[in-house]
Every structure is written in C-alpha cells, then in structure tokens.
2 protein chains.
Amino acid sequence: MPKQAAPLALIDLSTETPCCPPIAQSRIPAEVATVLAPAFKALGDPVRLQLMSMIASAPDGEACVCDLTPAFELSGPTISHHLKTLREAGLVDAERRGTWVYYRARPGIMRQLAALLTVETTAAGA
Amino acid sequence: MPKQAAPLALIDLSTETPCCPPIAQSRIPAEVATVLAPAFKALGDPVRLQLMSMIASAPDGEACVCDLTPAFELSGPTISHHLKTLREAGLVDAERRGTWVYYRARPGIMRQLAALLTVETTAAGA
DNA sequence: ACGCTGTTTCGACATCTGTCAACCTAGACG
DNA sequence: CGTCTAGGTTGACAGATGTCGAAACAGCGT
C-alpha cells in the first residue's frame, strides 16, 4: 500500500470532497471507511431514511420539524434524536428561524455516498 | 400520488428492481425505507464497508475469504459474521468452490442504493 | 483418518432505540 | 416588562440490538 500524499487523513464531509472512487473500482482505505461508515449507519434506519428523504425532497430544500414529527407514530423527542443522528453524521444542517427549526440536506455528502456505490453499467461483467 | 400497480409491496433486492426514484426527488414510502434501511445499515460498519469494497473491486468480481480475513486485525469468526451480515442484507452472494468460499457483489442492489442517493447536480438549488 | 478452512453457536460487552421529565428559546398577551 | 403558552432539544433511563471472541461443528483434500 503506497502512501499517497495522504490528504485523506481526515475527510471533511462538510465539503464536496471528491475523495473516493467507487468501491467497486478500488479498495477503500480503512480511514475512508471509518469516516464514511457512520453516514451509512445513519441511513440504516427506516425512520431516518424517511426523514432524510422528506428533507431532501422538500420543495424549498428544507423541512420544518413541525412537518416531520406528525408524519411518524413516534414522539417528538425520538424524532429529535434521529435528527440529531443525521446531523452528527453530516447529512443534514439545522437552522433555527423564529419559533421553528428547519433542516436542510447536504447534497455534497449524499453525492459522495452515491459515487461510492456507483457501478459501471457496462463493466458489470457476467 | 396515485397508486401504481403497487409492485413494491415487497421489494426483491435480488433483482435489478428499479423500484425507487432518488430520495431527493420524492419522499420515500415507509415500506421501501423498511426494506432498504438494512442494506445501508449493513454498510454502516467500517469493516463491512471495506469488505464490500474488496469484494466489489476484486479482479474477477469475486473474493476468497482467505484473502479477506488476513486484511484485518480481526479473528476469522468475526469476519465470517460480518460477511453473513452482508449476505443477509442481500449485498453479496456466497459460493463454495472446493475448499474455499468465494464472495461476489450484487451490482443490482448497489445500483439501487446509489440511485437512491443520487442528487441532480443541476437541481442542487442555492 | 487427520488436518485445514470456514461457519455456526454461545455468551459477555457495548451501542442503539424510544419514552418520560426537565430545560431553553421564541412569540403572545396583559 | 413579566408571564404564559407552544415548539424543540437535551439528559437519564429500560429494553432491544449489534459487536466481537472462544469453542465446537461441518465440508474438503491428502
């Protein structure tokens, strides 16, 4: 394993870092896996996946907690906890505007995760 | 949202089911989230993410356990357990050929997950 | 039959999930 | 200006789930 300039020692998920080729193309380094796994883990829950979808697909690109909470059979604090998980995973951004809190998706990291899973349709083999 | 023929009542991850538009495009139904979340969860571990990458990027499209295990500081059973998780999530296929077991990635579901995370670069807004 | 390879089972330990209570913030009203 | 009400977050806790290691089991080759 040759050491590159090692610019990926710490990957800033906040940016649009185009850090990684698809995992089907080259083996992912341990550091990258360590940093990106939490993002996948955050999406590894049905409620959070739906929350993420509701936020990302919101008309104005942002969703109010007051719209998210009643969409589930869960209590307010539980939704808040899930949102915190998404926030800590770097998937969403929160902003308080007046009484309500609005959540906004980060396209950068989502693009990164999508790129990671990309499979060339032609090189599918078989 | 009119009901289509509702073919996604049970989503077969084994197939190339083009079941879902990107989550940034339309809100993901609860059933889809329930079915796909385990796949993300399976990728939500650094070791499994690396395993997945090693399998998907293997020259012949398949990787032997005997190659995977020594790449980690973990015991054989632990690697086996992680591989089982990937298998149960529908991400990989196992095949015993002689003494060794070979794992092969399923491009279908990976494409599906990637599509789900896709964000139109143009519609990024802002 | 023996040894090797990989999986499974079992158990200890850690982490995650969801709820209740308390707290903080912002706006409304007297 | 003080207080009251409403919306969200945080902290603490039981229950469930996941992680990993040690030992035992099953398939394959010699």
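Please read these numbers as outputs of a predicted model, since none were measured by experiment. So that the names make sense, note that chain A is the first sequence line, chain B the second, and so on, each numbered from 1.
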Nearest atoms (heavy-atom pairs only) where A/Arg87 meets A/Ser80: NH2-O, 4.5 Å
What pairs meet the salt bridge (charged side-chain N to carboxylate O under 4.0 Å, His left out) rule with one or both residues in residues 45-54 of chain B, with sequence neighbours excluded? none
Nucleotides bounding contact with chain A, strand DNA chain D, heavy-atom threshold 4.0 Å: D/dG7 to D/dA12
May I have the list of side-chain donor-acceptor pairs in residues 65-73 of chain A shorter than 3.5 Å, sequence neighbours left out?
residue : atom : partner : partner atom : Å
A/Thr69 : OG1  : A/Val65 : O            : 3.1

Which heavy atom in A/Ala37 sits nearest to a heavy atom in B/Pro46, and how many Å separate them? CB-N, 3.5 Å
Verdict with reasoning, A/Tyr103 to A/Met54, per side-chain contact (heavy atoms from CB on, under 4.5 Å): CA-CA 10 Å; A/Tyr103 278 82; A/Met54 293 177 71; over 6 Å; no
Within the 4.0 Å heavy-atom criterion, would you say A/Arg48 contacts the bases, only the backbone, or no part of the nucleic acid? sugar-phosphate
For nucleotides 28-30 of chain C, print each protein N/O atom paired with a nucleotide N/O atom at under 3.5 Å, atom names and distance only.
none

Could you check whether any side-chain N or O of A/Ser53 sits under 3.5 Å from a backbone N or O of A/Leu49, counting only pairs where one atom can act as donor and the other as acceptor? no
Worked verdict on A/Ile55 versus A/Leu91 for side-chain contact (heavy atoms from CB on, under 4.5 Å): CA-CA 10 Å; A/Ile55 296 171; A/Leu91 289 166; over 6 Å; no
Under the salt bridge (charged side-chain N to carboxylate O under 4.0 Å, His left out) definition, can you give me all pairs with a residue in residues 89-102 of chain B, not counting sequence neighbours? B/Glu62-B/Arg97, B/Asp93-B/Arg106, B/Glu95-B/Arg97
Between A/Leu43 and B/Leu117, does the side-chain contact (heavy atoms from CB on, under 4.5 Å) criterion hold? Intermediate values first, please. CA-CA 10 Å; A/Leu43 293 176; B/Leu117 296 178; 3.9 Å; yes
Looking only at heavy atoms, which two atoms of B/Ala24 and B/Thr118 are closest? And how far apart? CB-O, 4.3 Å
Heavy atoms under 4.0 Å is the rule here; annotate nucleotides 3-15 of chain C 5' to 3' with B where the base is hit, S where only the sugar-phosphate is, and - elsewhere. --SSBB-------
